[in-house]
Amino acid sequence: MVALTLPDGRVRRYDGALSGAEAASDIGSGLAKAALAVRVNGDLRDLSCELEEDAEISVVTLKDDDELVLDLLRHDAAHVLAEAAKELYPGIQVTIGPAIADGFYYDFSREEPFTPEDLEAMEARMHEIVDRDEKVVREVWERDAAVELFKSMGEHYKAEIISEIPEGEPITLYRQGDFIDLCRGPHLPSTGRLGHAFKLTKLAGAYWRGDARNEMLQRVYGTAWRNDKELRGYLHRLEEAERRDHRRLGRELDLFHFQEEAAGMPFWHPRGWTLYRTVEAYMRRRLEDAGYVEVKTPQLVDRALWEASGHWEKFRENMYTSESEERIFALKPMNCPCHVQIFNQGVKSYRELPLRMAEFGSCHRYEPSGSLHGLMRVRGFVQDDAHIFCTDDQINSETRRFCDLLMGIYRDFGFEEVQARFSDRPEVRAGSDETWDKAEGALRDAVEEAGIAYTLNPGDGAFYGPKLDFELTDAIGRRWQCGTLQVDFVLPERLDAEYVGEDGVRYRPVMLHRAILGSFERFIGILVEQYAGGFPLWLAPVQVAVTTITRDGDEFAGKVAERLESAGLRVTLDTSAEKINYKVRLHSHAKVPVIVAVGKREAEDGSVSIRRLGSREQQSLALDEAVVRLSEEARAPGA
RNA sequence: GCCGGAUUAGCUCAGUGGUAGAGCAGCUGAUUUGUAAUCAGCAGGCCGGCGGUUCGAAUCCGCCAUCCGGCUCCA
C-alpha cells in the first residue's frame with residue numbers, strides 16, 4: 001500500500017509502487033499532460049521516479065510560480081545546449097552546465113574558439129532538439145563503469161567529476177537521444193517540454209573550477225523562461241539596464257569621460273563635477289552633524305609607513321610607486337595608516353574617544369585591466385572614509401550610530417532597501433577569542449538594534465577583525481555593496497596607537513574602518529543608473545532651463561535666470577532662435593528637471609510657465625512664487 | 001592577468017583590396033515660433049597605434065593599446 005498526500009490534503013491510496021507520471025495521470029489527464037516533475041516530501045524528482053512509500057507529493061507544472069521550475073527548465077536547457085554542441089562539434093568536451101539567475105550556462109573544452117555564428121548555430125540546433133522531443137531517461141551507473149564510459153568518449157572532465165563524487169552517492173546519468181550526461185537531475189521527461197522560450201546570449205572564457213591556474217574553458221550563456229512573454233520581459237529588462245548604463249549616460253549627459261592615457265581614472269566634466277560636489281557637500285554636512293572631524297592626508301607616502309602598516313607585504317601588487325631622492329614612495333591605496341599618524345600626534349586621553357576621523361581620501365590602486373568598468377571599478381577614486389578610534393566597550397554604540405547614519409543617507413539618495421552581511425572570525429586571525437567574542441557580539445547587536453536585515457557570512461571576516469557589509473537595492477532590483485564597517489585590532493598595534501585611560505595607564509584603541517558610499521566614483525555611477533540620469537532636483541547638475549518662446553521674452557528670461565541663480569539654483573539660459581518645441585526636446589533629453597518657458601505673455605505679467613521633466617503639464621506661476629518654490633524644493637536633505 | 005569580440009567624424013553607425021559615407025550634433029544664414037526635431041548652406045576623418053603582405057590596405061596578417069562581455073581578483 002502506498003498513500004500519497006496531495007497539496008490539498010486529499011490522500012490517494014495505491015496497491016503498489018508507481019511512478020510520478022502514473023500518479024499524475026491518476027489525478028487527472030490534464031495534469032499528466034502538464035506535468036514536468038514531482039515534488040516528493042519537498043524534494044524535486046523526475047516524473048519517472050518510483051513512489052514506493054507514503055509521501056506528500058505535488059505535481060510540478062509550468063504554472064507553479066516557483067524559482068525551482070525555472071531552475072528545472074534552465075538545467076534542461078543547459079543539457080540541450082550540450083547535446084547541440086556535441087552534435088555540431090565532434091571532439092568537444094562537455095564539463096558542467098548549471099542553472100543560474102535568469103538562465104544557464106555550459107562550459108566546454110575545445111581547441112577552436114566559438115564565434116557568434118556558432119552561437120546561432122547551436123541555438124538553432126537546440127530548437128531542433130526540442131522539436132525532436134527526445135525522451136530523457138535516468139540511469140544509475142556503477143562508478144567504474146561510468147568513468148570508463150566517459151573516458152571512452154574522450155570526456156575527461158566528466159570522468160574527473162565522477163571520481164570526486166563521494167562514495168555511497170549514486171552515479172546518475174541522463175540520456176536523451178544519442179546524448180548522455182552525468183547529472184544529479186532531476187530533469188524534464190522529454191526535451192520537447194523545454195519549449196522554445198530560450199536564447200543563447202553570450203560567449204565568455206571561464207577557468208575550469210574557477211581557478212586561474214586551470215584551463216580556460218569556453219562558456220556559453222543562455223536564458224530560458226516558461227514562455228515567450230517571460231522571455232520578452234527578461235530581454236526588456238536587459239534593455240532597461242542598458243538604457244540606464246552610467247557609461248552611456250555619462251557621455252550623453254556630459255558628466256565625465258575616460259581616455260586611454262589614464263585608463264580607470266575619470267575626467268570629470270563640469271556637469272559631472274557639479275554632481276560630485278553636491279554629493280560631497282551633502283556628505284560633509286551629514287558627517288559634521290554625526291560628530292566626525294575631517295582631515296586630509298598625503299597622497300604619496302614613503303614605503304616605510306606601508307611596511308609598518310603591513311600594506312607593503314599584503315597589498316604591494318596593487319600599489320603604484322614612485323621614486324625620488326633615492327626613496328620609494330607609494331600612492332596611498334588606503335587612508336588608515338595616515339589617520340593613525342594624526343591620532344598619534346600628542347597624547348590622547350580616553351576623554352577624546354570615540355574619535356571619528358573622516359577623510360574624502362583620494363586613493364589609487366592598480367586593478368587588473370580586465371576588471372575596470374566605467375565608474376564602478378576604477379584605479380583612482382575617492383573614498384568617503386573614516387576611522388573611529390574607540391574602546392572595546394564603544395564598538396556597539398559606535399556601530400549602532402553608524403548604522404543609523406548609513407540608513408539615513410541611503411534613504412536621502414532614494415534607496416529604501418538595505419541588507420547587511422555579517423562576517424565573523426576566519427580560521428587565520430589576529431587577537432584572542434575573547435576579543436573576537438566581544439567584537440562580534442557588539443556588531444550583531446548593533447545591526448539588530450538598527451533594524452537592518454542581515455545574513456551571516458561565517459568565517460569571512462578579515463584576519464584583523466569582524467565586519468559588516470551593507471548592500472543597497474536599486475530601482476531595477478540590482479544589489480550594490482557600498483557601505484562597510486570593519487573592526488580592526490591589528491593596525492593600532494602595528495602603528496602603535498594608544499590613549500591614556502582613566503587610571504593613567506596606556507591602552508590600545510580599537511579602530512573601526514567605515515565607509516557609506518564606498519567611493520564617490522562608484523556611488524555616483526550607481527546614482528546615475530538608479531535615476532537613469534533623471535536626478536531629483538537637489539542632485540541635478542542643471543536644475544532649471546530657462547527658455548524663451550519669442551524674442552519678446554529675452555530680457556525677462558535673463559531676469560528670471562538671474563533671480564533663480566541668486567536663489568542658489570543651477571540654471572541654464574536658452575535664448576536661441578529655435579522653436580519652443582525644439583528647446584523642450586533638447587532640455588528634456590539633457591534631463592533637466594525643470595523647464596521654465598518665457599514668452600510675450602509672461603514678460604508682460606511677470607510670470608513663468610513651468611514644465612517638469614517627463615510631464616506634459618504646464619504650471620503658470622508668478623516669478624516671485626516660482627523662485628521661492630523651486631529653491632525650497634531644490635534644497636539638499638539636511639541643508 | 002586570462003578567453004572571446006570590438007575600435008571609421010563629437011555621437012550612432014554604413015562601407016570585404018582600387019580617390020572615405022549617412023543621420024544627429026557643430027558652425028553660418030534665414031525663420032520669431034506657446035511646450036519633445038523650422039529651413040538652407042558650410043565645415044568636420046593619420047579609418048586606435050606600430051610593423052608586415054600587396055602595384056595598391058579602413059578592408060588581409062602580426063604585435064601593442066583601449067573599450068565591451070565574461071573568468072580570476074577585489075586584504
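Letters A, B, ... are given to chains in the order of the sequence lines, protein chains preceding strands, and every chain is numbered from 1.
When the C1' atom is used for both B:U12 and B:G26, the distance is 16 Å, rounded to whole Å.
Counted within 6.0 Å of CD on A:Gln259, heavy atoms from surrounding residues, nucleotides or ligands total more than 12; the atom is thus considered enclosed. When the shell of 6.0 Å around CD of A:Glu555 is examined, it contains 12 or fewer heavy atoms from other residues, nucleotides or ligands. Other residues, nucleotides and ligands place more than 12 heavy atoms under 6.0 Å from the CD atom of A:Glu164. Surrounding CD of A:Glu313 are at most 12 heavy atoms belonging to other residues, nucleotides or ligands under 6.0 Å away.
Applying the 3.5 Å distance criterion, the base of B:G1 shares a donor-acceptor pair with the side chain of A:Tyr207. Residue A:Glu602 places a side-chain atom within donor-acceptor reach of the base of B:G34, judged by atom type and a 3.5 Å distance cut-off alone. A:Ser371 contributes no side-chain N or O that forms a donor-acceptor pair with the base of B:U72 under 3.5 Å.
Distance CG (A:Leu238) to C1' (B:G69): 12 Å, rounded to an integer number of Å. Computed from coordinates, the A:Arg377 CZ to B:C67 P distance equals 13 Å when rounded to whole Å.
The partner of B:C46, taking Watson-Crick or G-U wobble pairs whose two distances both stay under 3.5 Å, does not exist in any strand shown. Base pairing annotation: B:U19 forms no Watson-Crick or G-U wobble pair, as no partner gives both donor-acceptor distances under 3.5 Å. Taking a pair to require two hydrogen-bonding distances under 3.5 Å in either a Watson-Crick or a G-U wobble arrangement, B:C73 remains unpaired. B:G10 and B:C24 make up a base pair, with Watson-Crick or G-U wobble contacts both under 3.5 Å. Using the Watson-Crick or G-U wobble rule with both distances under 3.5 Å, B:G51 pairs with B:C61. Pairing of B:A37, defined by two Watson-Crick or G-U wobble distances under 3.5 Å, is not identified with any nucleotide.
Distances shorter than 4.0 Å separate some side-chain N or O of A:Arg611 from OP1 or OP2 on B:A36. Put simply, A:Arg251 has no side-chain N or O that comes within less than 4.0 Å of OP1 or OP2 on B:G10. Phosphate proximity of B:C24 to A:Arg585: absent, as no side-chain N or O sits under 4.0 Å from OP1 or OP2. Of the side-chain N and O atoms in A:Arg616, one or more sit less than 4.0 angstrom from OP1 or OP2 of B:A36. For A:His587 and B:U35, the shortest distance from a side-chain N or O to OP1 or OP2 is not below 4.0 Å.
Residues A:Tyr106 and A:Phe108 bring their aromatic ring centres within 6.0 Å.
Within the 4.0 angstrom heavy-atom criterion, base atoms lie near A:Arg601. Nucleic acid contact for A:Lys600: base, since at least one base atom lies under 4.0 Å from a heavy atom of the residue. Within 4.0 Å (heavy atoms only), A:Thr201 reaches no atom of the nucleic acid at all. Across all strands shown, A:Tyr221 has heavy atoms under 4.0 Å from sugar-phosphate atoms exclusively, and none from any base. A:Ala212 comes within 4.0 angstrom of sugar-phosphate atoms only, judged by non-hydrogen atoms across all strands, and of no base. Among the atoms of the strands shown, only primed sugar atoms or phosphate atoms (P, OP1, OP2) are found under 4.0 Å from some heavy atom of A:Gly210. Within 4.0 Å (heavy atoms only), A:Pro113 reaches sugar-phosphate atoms of the nucleic acid but no base atom. Among the protein residues, A:Lys314 comes within range of no part of the nucleic acid, since none of its heavy atoms lies under 4.0 Å from any strand.
Considering only side-chain atoms of A:Ile580, the nucleotide from B:C73, B:G70, B:G34 that sits closest is B:G34. Picking from B:U35, B:A65, B:G69 the nucleotide with the shortest atom distance to the side chain of A:Lys202 gives B:G69. Of the candidate nucleotides B:U35, B:U33, B:G1, B:G1 has the atom nearest to the side chain of A:Tyr366. With B:U12, B:C71, B:G1 as the choices, the nucleotide that has an atom nearest any side-chain atom of A:Arg219 turns out to be B:C71. When each of B:U66, B:C3, B:A36 is scored by its nearest atom to the side-chain atoms of A:Ala263, the top-ranked nucleotide is B:U66. In this structure, of B:A36, B:G34, B:U72, it is B:A36 that holds the atom nearest to the side chain of A:His589.
At a cut-off of 3.5 Å, with distance as the only test, a side-chain donor of A:Glu215 or A:Ser109 sits close to an acceptor on the other residue.
Between A:Arg629 and A:Glu633 there is no salt bridge, since no side-chain nitrogen of the basic residue lies less than 4.0 Å from a carboxylate oxygen of the acidic one.
Partners of A:Arg365 according to the side chain to side chain donor-acceptor pair (under 3.5 Å) rule, which considers only residues two or more places apart in sequence or in another chain, do not exist here.
No cation-pi contact links A:Arg74 to A:Phe104, judged by a cut-off of 6.0 Å to the six-membered ring centre and 45° from its axis.
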Give me, pair by pair, the N or O atoms of the protein and of nucleotides 38-45 of chain B that are less than 3.5 Å apart, along with how far apart they are.
from	atom 1	to	atom 2	distance (Å)
B:U38	O4	A:Glu578	OE1	3.4

